[in-house]
Amino acid sequence: MPDKSMLFIATRGSALALAQSNMVLGQCRTAFPELSFELKIIKTTGDKLQTASMAQESKSLPKGLFTKELEMALLDGGADLAVHSLKDLPTDLPTGLKLGAVGGKREDVRDVLIYRDADFWKSARRGFKAGTQVKDLPSGAVVASSSTRRRAQLLRVNPGLKVPDIRGNVATRMQKVADNPELDATILALAGISRLHFTIGTDGKLHGEQVPQGLLATVLGTDEMLPCVGQGAIGIEVRSGDDQLDRICARLNDQNTLNCVVAERAFLAAMGGGCQSPVAAHAEVSGVTLQMRVLSFADGPARQAEGARPLTEAVQLGQELAAKVKMG
C-alpha cells in the first residue's frame, strides 16, 4: 500500500480527549512536516452514556465504552491513528488493530480527592479543611466515583464511606461536587487534571478556567490509591501491517512508558478483566529493570503482589503477578 500524504487522527470530543489528541497531533506535525495530519472527532458509546440519567448508573457498561467507534474508523479506513486514554483501551483489541505507541512520557499516575472547602462554603454546605485525606472523612461521607477500583480502595481505607457511581467528564464531576450537598467528594486522575491545565495550589485550592469556586484537592499516594492499568499514559492505536503507521509510531513512542503499560496490561489480561475491573497496577522502570505492584479486589478481599523483571520481560512480569494474586 502506498504511503498516504494526509492522515486522520481519531479522537473523542471531550475536553480531555481533545487535549491529548492535540498533543499527539503536534508531535506528528513536528516529526513529519512533509505529511498532513488532521483530527477526526468521533462520538463514542461512552460519550452518549455520559448524558444518561442517574437511574441508569447501576447497569453494567459495555466493553470498549470509549474506544469501539474509533476502532471501527481505523478498520474501515476512515482514520489512521486513534488516540485514547490508555486506561480506557481494552487489552483484547479487534483483529487487525494494535497498540502502536504511547504518546510521550507518562503523566503522574496518582489520583486526587476533590472536595468542598469548608472556609469557602461556611455553613451553606459541608466542606473540609485543606489537606483532608480519605481516612479523615467522617463516617457516612459520600465520595462518588465511576471506578470499581477506586471505590474498593476508598472503602479499604475508610469503611464508613458511601461510594455511589457518578458520570461526566472532569469538569462535570467537579461541578457536581460543588453543586450537590449530598455529594462530599469525588476522585479524579491527576493526569487528566494536569492535561486540562488545572492546577492545585500549595494551599490545596483547585484553579482552572472550568473549575467551580470553593473546591480543594488532595493528591493521594499510590500506597493508598494504586492507579488503574495504563493511568496517565496516552495510547495510540493503529492498523496492523501498515509500514507507514509503524514508522510514525516509532517516532511518537516513549519506550519506558510502553514497557510499563505493557506489563500492566498483561496483568489485567491475565486476570481476565476489562477496564472496569476492580484491579490496580503500577509499573516503574529502574535502570534495566521493570518493577510492578498490583492489587485486586476481583474475588472479594484485597490481594496484592509485587515483583521485578528485566525490561524485555514486561509481559511475563504481568502474567507472573496475576498468578501470584490468583493464588492468594
Side-chain angles (χ1 to χ4, degrees), residues 4 6-29 36-103 144-148 165-176 186 188-189 191-193 195-198 208-210 228-239 245 252 274-276:
K4 293 183 175 183
M6 167 67 81
L7 295 105
F8 290 97
I9 301 173
T11 177
R12 295 171 54 217
S14 72
L16 180 55
L18 289 174
Q20 294 177 161
S21 297
N22 275 301
M23 288 171 58
V24 173
L25 178 64
Q27 289 177 307
C28 288
R29 288 175 171 171
S36 295
F37 295 88
E38 298 293 340
L39 296 185
K40 177 174 280 191
I41 299 173
I42 297 173
K43 196 162 192 175
T44 68
T45 301
D47 297 315
K48 296 166 188 171
L49 286 176
Q50 298 275 13
T51 58
S53 70
M54 293 294 284
Q56 301 297 312
E57 293 193 359
S58 61
K59 295 187 177 180
S60 61
L61 300 173
K63 182 181 177 182
L65 193 62
F66 296 109
T67 61
K68 182 179 178 182
E69 287 79 3
L70 275 66
E71 291 174 333
M72 290 170 61
L74 292 178
L75 290 169
D76 67 20
D80 302 290
L81 304 93
V83 177
H84 309 283
S85 290
L86 192 57
K87 64 184 180 61
D88 295 330
L89 185 65
T91 55
D92 184 17
L93 300 183
T95 301
L97 299 181
K98 66 179 182 179
L99 176 62
V102 289
S145 172
S146 60
S147 162
T148 56
D165 205 352
I166 191 172
R167 291 276 186 270
N169 59 31
V170 171
T172 298
R173 295 183 195 202
M174 289 181 181
Q175 195 66 56
K176 286 183 177 181
T186 190
L188 296 171
I193 290 173
R195 287 185 178 134
L196 289 170
H197 305 295
F198 300 156
E209 191 174 324
Q210 290 184 288
C228 70
V229 166
Q231 185 154 311
I234 297 174
I236 301 173
E237 190 178 13
V238 296
R239 289 184 294 277
L245 295 178
L252 301 179
C275 305
Q276 299 158 37

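Keep in mind it's a predicted model, so treat the numbers as computed, not measured.
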**Q** How long is the span from the CD atom in Gln210 to the CG atom in Leu196, to the nearest 0.5 Å?
**A**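 Gln210 atom CD to Leu196 atom CG measures 7.5 Å (nearest 0.5 Å).
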
**Q** Identify the heavy atoms of Ile42 and Ala73 that sit nearest to each other, and give their distance.
**A**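 Answer, listing the atom of Ile42 first, then Ala73: CD1-CB, 3.6 Å.
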
**Q** Answer yes or no: is there a side-chain heavy-atom contact under 4.5 Å between Val83 and Ile9?
**A**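 Answer yes - side chains close enough.
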
**Q** Measure across Leu18 and Arg12 and return the closest heavy-atom pair with its distance rounded to 0.1 Å.
**A**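 The answer is CD2-O, 3.7 Å.
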
**Q** Using every non-hydrogen atom in the two residues, find where Thr172 and Arg167 come nearest and quote the distance to one decimal.
**A**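 In terms of heavy atoms, the two residues are closest at CG2-O, 4.3 Å.
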
**Q** Considering non-hydrogen atoms only, spot the tightest contact between Arg195 and Gly232 and give its length.
**A**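 Minimum heavy-atom separation between Arg195 and Gly232: NH2-O, 2.8 Å.
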
**Q** Got Leu97 and Arg239 here, is their nearest side-chain heavy-atom distance under 4.5 Å?
**A**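 SC-SC contact between Leu97 and Arg239 confirmed.
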
**Q** Do Glu237 and Leu74 come close enough that some side-chain heavy atom pair is under 4.5 Å?
**A**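 Heavy-atom side-chain distance check passes, below 4.5 Å.
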
**Q** Picking from Val24, Asp80, Leu7, what satisfies side chain to side chain contact (heavy atoms under 4.5 Å, CB included) with Phe37?
**A**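 Of the listed options, the one satisfying the test is Leu7.
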
**Q** Do Leu188 and Met174 have side-chain heavy atoms sitting under 4.5 Å apart?
**A**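 Leu188 reaches Met174 side chain to side chain.
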
**Q** Ala144 and Thr186: which non-hydrogen atoms are nearest, and at how many Å?
**A**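 Ala144 and Thr186 have their closest heavy atoms at O-OG1, 2.7 Å.
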
**Q** Starting at CG of Leu16, measure out to OG of Ser21 and round the result to the nearest 0.5 Å.
**A**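 Going from CG on Leu16 over to OG on Ser21, the span is 9.0 Å.
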
